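This chain uses plain numbering: 1 for the first residue, then up along the sequence. Predicted, not measured: the structure shown is a model, and the values here were computed from it. All values below come from the heavy atoms of this structure, side chains included, with hydrogens, waters and symmetry mates left out.
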Amino acid sequence: MRRSLCLLAMLLLLLPTVVSAHIVNEQNLYDDLQYSKATPQIVQLSGLGVIAYDHGSTLFSPQEKLTREELAHWAGAFWKLKESGAAREQVTAAALEKGLVPSLDGNATYADVNQAYFAGKLAVPEQDAARELTKEEFAVFVFEHRNDAVEGKSLYDRGGFVAGPTGKVEKVAVREEKDAAGKTSKVYSLTISGTVHDLSAHPRVLQAAVDPAQWEGKTVEEAWLMNVAGKPQLQLILFAKSADASGQSAQPEKAPTADHAHAGHTDHAAAASGDETGASMVPLVVAVVLLALVGGWLFARRRK
C-alpha cells in the first residue's frame, strides 16, 4: 500500500498543469452588474485596467459612492505606480504621493476623478466638480471621456492599448505552449477578417459567451490589443449583438460560480502576468484518488 501511495504522489507531482485563458464577460465579472445601467462601460473599463479588481470581492456595488481610497487604488494600478501584485495599501499610498488624489479620506468627486485619470484637464462644469459620484457614475463619466486627448493621448493610449481587428471571426484555434518553467498553457487565437491574434490571459468580452469555441461566425465591432512580452494580444472584444429566433437579443450563458473566484479582475498589467487561470482537472482527480487511498489505508489499520 505504501508503495502504491508513493507512486501516486510522484505521478501527481509529475503531471503537468494545463492552464487556459480566464475569459470574463458581463455575466461573470461581478455578481451584481445586472442592477447597473452602466454594465458595458464597467466591463470595458475593467478590461482597460481603469477599474482594478479587488481580489476576493464578487460585488461591484454600482450604486454605492466611490471612495477616494478606492479611486486611489484604481488609478494607482492603472498608472502602474507599483509592481503587479503589490499590496493595495502600497498602491493607494503611491497614488496619494503622486497627487492623483487629494487624500484617502471621504468620497471621491468628479474633480478627483478628473485629476486621477485626466490630469485635471477635462472641462468639468463647476457645479459638478465638487459633487460626489457613485461607482456607476464614475464608469459613465470616464467612459464618456475615454477618447479625449490629454497631452495628445487618449485613455487607450495612456493605458498602452492599440486598436485591434474588426469583422467576422472566421476561425477559433487553441494550442498548448510551455513557458521557461515548463508550465503548459492553452492559448486561444482568433482569425478575424484574415488576421490572426492571440487572446490575452484575462480578456474581457461583451455580448458573447466565455467559451471561445462559440465565437466562430460572430462579428467583432471593436477590439483592443495590449502588448504581452512584446506580442500584441486581444484584451477587450466587443461583439455585435446577435438575435434568437424571437428577434430578441441573445444572452450569453453565465459562467459557473467557481469560475468567478478571481473574476475581472485585476488591472491589465496583472492580467498580462497570467497570475491565475483555470487548471486542468487531471491533477485534481489524481489528488482525490490519492486521498481516498490514504483514507482507506488508515481505516484498515485502525480495524487491525
Side-chain angles (χ1 to χ4, degrees), residues 26 29-82 88-159 161 204 206 222 224 236 238 263-268:
E26 62 269 37
L29 175 57
Y30 291 101
D31 290 342
D32 57 355
L33 285 193
Q34 70 267 30
Y35 305 114
S36 175
K37 296 179 180 179
T39 296
Q41 293 94 326
I42 294 167
V43 174
Q44 292 181 66
L45 293 180
S46 171
L48 297 174
V50 172
I51 297 175
Y53 180 67
D54 184 9
H55 286 272
S57 174
T58 61
L59 301 177
F60 185 71
S61 304
Q63 278 77 45
E64 287 186 5
K65 290 289 181 70
L66 174 68
T67 67
R68 281 176 171 163
E69 191 276 340
E70 287 172 317
L71 176 61
H73 176 222
W74 292 357
F78 176 75
W79 292 111
K80 305 183 186 71
L81 298 185
K82 290 294 180 180
R88 182 185 179 108
E89 294 77 12
Q90 292 178 308
V91 177
T92 56
L96 179 62
E97 182 180 355
K98 191 76 173 178
L100 299 184
V101 291
S103 78
L104 299 179
D105 300 322
N107 295 323
T109 65
Y110 279 91
D112 294 336
V113 175
N114 186 11
Q115 178 63 35
Y117 288 95
F118 303 98
K121 297 189 177 179
L122 294 181
V124 179
E126 187 175 347
Q127 66 270 22
D128 291 335
R131 186 160 65 88
E132 295 178 357
L133 71 171
T134 64
K135 296 178 185 179
E136 182 177 73
E137 290 171 329
F138 164 89
V140 172
F141 176 74
V142 175
F143 190 78
E144 179 184 353
H145 294 284
R146 69 195 185 283
N147 290 313
D148 290 8
V150 174
E151 297 178 352
K153 292 184 177 181
S154 70
L155 200 64
Y156 296 106
D157 298 326
R158 285 176 277 140
F161 293 88
R204 307 291 192 273
L206 272 170
E222 184 179 342
W224 291 92
L236 179 61
L238 283 67
H265 310 118
T266 122
D267 55 55
H268 59 267

Taking all non-hydrogen atoms of both residues into account, name the closest pair between Lys82 and Ala94 and its distance. CE-CB, 3.9 Å

Taking all non-hydrogen atoms of both residues, which atom of Ala72 and which atom of Ala95 are closest, and how far apart? O-CB, 3.4 Å

Please report the interatomic distance CG(Leu100) to CG(Leu71), rounded to the nearest 0.5 Å. 8.0 Å

The side chain to side chain donor-acceptor pair (under 3.5 Å) partner of His73 among Arg88, Glu89, Arg68 is Arg88

From Lys121 NZ over to His145 NE2, what is the distance, rounded to the nearest 0.5 angstrom? 15.5 Å

Say whether, by atom type as modelled, one donor and one acceptor occur between the side chain of Trp79 and the main chain of Ala116 under 3.5 angstrom. yes

Determine the minimum heavy-atom distance between Ala139 and Gln41, stating which atoms define it. O-CB, 4.0 Å

Using the benzene-type ring in the case of Trp, are the ring centres of Phe141 and Tyr117 under 6.0 Å apart? no

From the list Lys98, Gln90, Glu97, side-chain contact (heavy atoms from CB on, under 4.5 Å) with Leu81 holds only for Lys98

Within this structure, what is the CG-CG distance for the pair Asn147 and Leu155, rounded to the nearest 0.5 Å? 8.5 Å

Provide the closest heavy-atom pair for Ala38 versus Val140 in the form atom of the first, atom of the second, distance. CB-CG2, 3.8 Å

Which distance, rounded to the nearest 0.5 Å, do you find between the CD of Glu137 and the NZ of Lys65? 8.0 Å

Sidechain-backbone polar pair: Glu26 side chain, Val43 backbone, donor-acceptor under 3.5 Å: no

Can you list the steps and then say if Glu69 with Thr92 is a side-chain hydrogen bond (donor to acceptor under 3.5 Å, both in side chains)? CA-CA 7 Å; Glu69 191 276 340; Thr92 56; 4.5 Å; no

Minimum heavy-atom distance Ala130-Thr109, with the two atoms named: O-CG2, 3.5 Å

Working note: Val113 + Trp74, criterion side-chain contact (heavy atoms from CB on, under 4.5 Å); need CA distance, chi angles, decisive distance, verdict. CA-CA 10 Å; Val113 175; Trp74 292 357; over 6 Å; no

Determine whether Ser61 and Asp32 make a side-chain contact, defined as any pair of heavy atoms from C-beta on separated by less than 4.5 Å. yes

Side-chain (Asp112) to main-chain (Val101) donor-acceptor, under 3.5 angstrom: no

Can you measure from OG (Ser46) to OH (Tyr30) and round to the nearest 0.5 angstrom? 6.0 Å

So, Asn114 side chain and Leu122 main chain: donor-acceptor pair closer than 3.5 Å or not? yes

Would you compute the distance between atom CG of Leu48 and atom CZ of Phe78 and round it to the nearest 0.5 angstrom? 7.5 Å

Would you check if the side chain of Lys135 reaches a backbone N or O of Phe60 as a donor-acceptor pair within less than 3.5 Å? yes

How about Gln127: does its CD atom have over 12 heavy atoms from other parts shown lying under 6.0 Å from it? yes

What's the shortest heavy-atom distance between Leu59 and Ser57, and which atoms? O-OG, 3.0 Å

Are Glu136 and Gln63 close enough, and set up right, to give a side-chain contact (heavy atoms from CB on, under 4.5 Å), and what steps lead you there? CA-CA 6 Å; Glu136 182 177 73; Gln63 278 77 45; 3.3 Å; yes

